[in-house]
Number of protein chains: 2
Amino acid sequence: MGSSIPRIAVDAMGGDLGPSVVVPGAVQAAREAGLALSLVGREDEVRAELSKLDASGLDVAVVHAPDVAGMDEKPSDILRRKKDSSIHTACRLVKDGAADGVVSAGNSGATVACGMFILGRIPGISRPALASVMPTAKKPMVLIDVGANVDSKPKHLFQFGLMAEVLAQSVLGMAKPRVGLLSIGEEEGKGNTMVKEAYDLLRASKLNFVGNVEGRDVFTGDVDVVVCDGFVGNVALKLSEGLAATMGQVLKRELLRHFWGRMGALLARGALRRFKKVTDYAEYGGAPLLGLTGIVVVCHGASNPKAIKNAVKMAGSFVQGKASEDLARKLAAHGQLAPEPPAAQAS
Amino acid sequence: MGSSIPRIAVDAMGGDLGPSVVVPGAVQAAREAGLALSLVGREDEVRAELSKLDASGLDVAVVHAPDVAGMDEKPSDILRRKKDSSIHTACRLVKDGAADGVVSAGNSGATVACGMFILGRIPGISRPALASVMPTAKKPMVLIDVGANVDSKPKHLFQFGLMAEVLAQSVLGMAKPRVGLLSIGEEEGKGNTMVKEAYDLLRASKLNFVGNVEGRDVFTGDVDVVVCDGFVGNVALKLSEGLAATMGQVLKRELLRHFWGRMGALLARGALRRFKKVTDYAEYGGAPLLGLTGIVVVCHGASNPKAIKNAVKMAGSFVQGKASEDLARKLAAHGQLAPEPPAAQAS
């Protein structure tokens with residue numbers, strides 16, 4: 001971390017298409033945002049992609065890592081046995097001070113495991129959580145956790161709310177973000193056992209807790225943070241991406257079906273392009289993994305170069321904003337990291 | 001059930017706007033599909049709405065029920081203490097043979113409770129489940145459970161799969177529906193504890209089980225049935241509705257912003273109308289509550305008359321197709337209602 005230019009360790013082997021997508025996206029981010037890169041992966045493959053690009057004037061190092069974390073491999077196996085994998089190596093670079101942040105589109109469970117055990121957690125945080133910044137009808141909101149954990153406990157959901165509040169304050173510039181708990185009815189007492197207990201913890205906190213929100217409230221822009229278990233959040237995130245893509249396809253199909261639709265689409269192409277931009281997950285890049293003593297941004301396996309670019313830029317701005325230190329300080333100041341359940345709650 | 005015309009008991013007080021939405025929707029369904037109606041609710045309010053409509057030649061009875069099940073009331077309270085509520089009365093009409101099916105846009109928990117305890121379950125079924133027929137890029141698919149249960153057990157998810165297979169065969173005409181389990185990764189072993197155990201039960205069954213599917217796979221049309229816990233399914237359903245509505249608003253906003261967009265929208269209005277139709281939940285009406293010895297269709301609280309109409313027509317076609325008897329017979333023939341977990345599975 002000697003230089004003042006943030007250096008991002010990019011898992012060049014991550015993602016469905018590996019270096020051919022990751023390297024161009026990362027280089028573009030380095031150019032646009034003035035970042036230094038350590039591209040981590042099989043050196044020959046990474047250099048082959050790099051040679052196709054103009055990286056002149058950029059500070060791009062290639063760090064050889066012969067192993068790759070397969071998408072189907074167990075995270076704990078990669079953590080313990082694949083120490084020469086690109087994700088393991090990238091996290092060690094940050095741990096050793098040779099880089100300032102990690103970006104990976106690879107096996108996200110492995111990224112969470114390596115981030116958690118190589119970089120370590122912020123004191124008091126039980127589990128890191130993936131936060132996704134998502135578009136709404138009004139302004140972006142934060143959905144947390146979108147898949148770092150399954151089988152979460154109420155206390156974890158409570159901590160996700162605290163971490164996302166800080167993210168919304170720091171990154172989205174919201175003074176007092178409205179925090180909602182994702183459930184299946186707005187009234188208190190709706191939901192499953194875990195959500196009902198998390199409700200009590202959140203209500204007793206200093207957060208601007210607005211109570212339960214339903215799936216349909218996520219995209220209205222009336223709530224700034226939506227807290228949920230990582231299983232539910234991951235389903236919600238991928239469902240949203242899938243539905244947005246399907247709706248885009250249906251719109252295109254219907255427009256192309258008849259002459260007047262094609263003419264209309266031609267005239268309205270500016271509007272259709274803006275529509276696509278608002279609903280394109282690639283605009284949002286990656287999901288920061290919150291709760292670690294270091295910056296880790298997780299990307300979609302199907303990321304295109306634009307998504308990688310935006311994720312690397314996000315990591316760079318998090319490093320510059322000292323987001324991890326800021327989160328640790330604010331969480332410590334919060335003084336509520338380990339809540340006791342309110343006494344004698346009737347379920 | 002003396003007559004050959006199906007008679008649907010409609011909870012006229014259900015839904016956010018009650019009789020003013022429910023009565024016109026139900027009457028329209030009766031006219032289009034040749035159904036008889038029993039409109040259940042406060043007689044004066046129901047008759048006031050009825051008097052605004054042309055119901056000539058239709059067999060429409062009004063059954064007085066002075067109480068209303070509030071949206072915030074606990075289902076068990078309504079079941080035990082509000083026996084004069086419209087939903088309780090509507091279920092009793094079916095139980096007593098005075099009607100053939102129930103449609104309600106009211107408190108869905110109360111509808112599930114009244115359906116389960118007044119009509120009763122099909123032998124061997126532990127819990128009824130709400131099945132939602134949803135649009136995809138190709139053809140409709142069935143998402144089950146969308147909210148009848150929370151904190152489901154693996155065995156329940158297994159039974160949801162069996163019930164949805166029969167629904168997809170009977171209603172969507174699919175010979176051997178592809179059944180997927182909603183999880184957060186396609187590989188076996190991905191998911192939370194409940195999903196991993198349900199995976200083993202589904203894999204060992206006679207279903208055409210295609211394994212785990214992710215949120216993004218729901219709308220591609222490559223799977224015909226998606227099984228999940230009611231909490232996850234309810235979030236998914238409402239999220240989809242919310243996102244579809246938000247995307248429609250964004251599209252409209254962008255089209256209206258500039259002259260060429262407005263001209264384009266005018267030329268392409270046929271295509272835009274078809275787009276809206278595909279993505280409009282009201283086209284699909286209601287969700288059948290499967291696993292009961294009777295037909296119950298649950299509608300969205302925010303249903304418009306078109307959604308009510310389609311739900312009542314769905315109930316009518318289920319009665320005519322003897323869907324409950326068909327389901328009970330096929331489940332009995334399946335011979336696998338109470339599966340034993342496969343021996344010695346490593347988690």
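Reminder, nothing fancy here: chain letters follow the sequence lines and each chain counts from 1.
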Check: What residue, out of B/Leu255, B/Asn149, B/Val235, has the most heavy-atom pairs lying under 4.5 Å from chain A?
Finding: B/Val235
Notebook entry, point to check: Between A/Leu237, A/Leu256, A/Val150, A/Leu239, which shows the greatest number of heavy-atom pairs under 4.5 Å with chain B?
Noted result: A/Leu239
Margin query: Which one wins on heavy-atom pair count under 4.5 Å against chain B: A/Val195, A/Leu251, A/Asn192?
Written below: A/Asn192
Notebook entry, point to check: For chain A, which of B/Gly191, B/Gly248, B/Gly147 has the most heavy-atom pairs under 4.5 Å?
Noted result: B/Gly191
Checklist line | Nearest atoms (heavy-atom pairs only) where A/Asp72 meets B/Glu187 | finding: OD1-OE2, 3.2 Å
Checklist line | Contact origin within B/Thr246 toward chain A - heavy atom pairs under 4.5 Å | finding: side chain
Notebook entry, point to check: Which of the residues B/Val218, B/Asp217, B/Leu182 is involved in the greatest number of heavy-atom pairs with chain A at under 4.5 angstrom?
Noted result: B/Leu182
Check: Which atoms of A/Ser183 come close to chain B, meaning under 4.5 Å heavy atom to heavy atom: side chain ones, backbone ones, both, or neither?
Finding: both
Notebook entry, point to check: Which distance, rounded to the nearest 0.5 Å, do you find between the CG of B/Asn234 and the NZ of A/Lys190?
Noted result: 9.5 Å
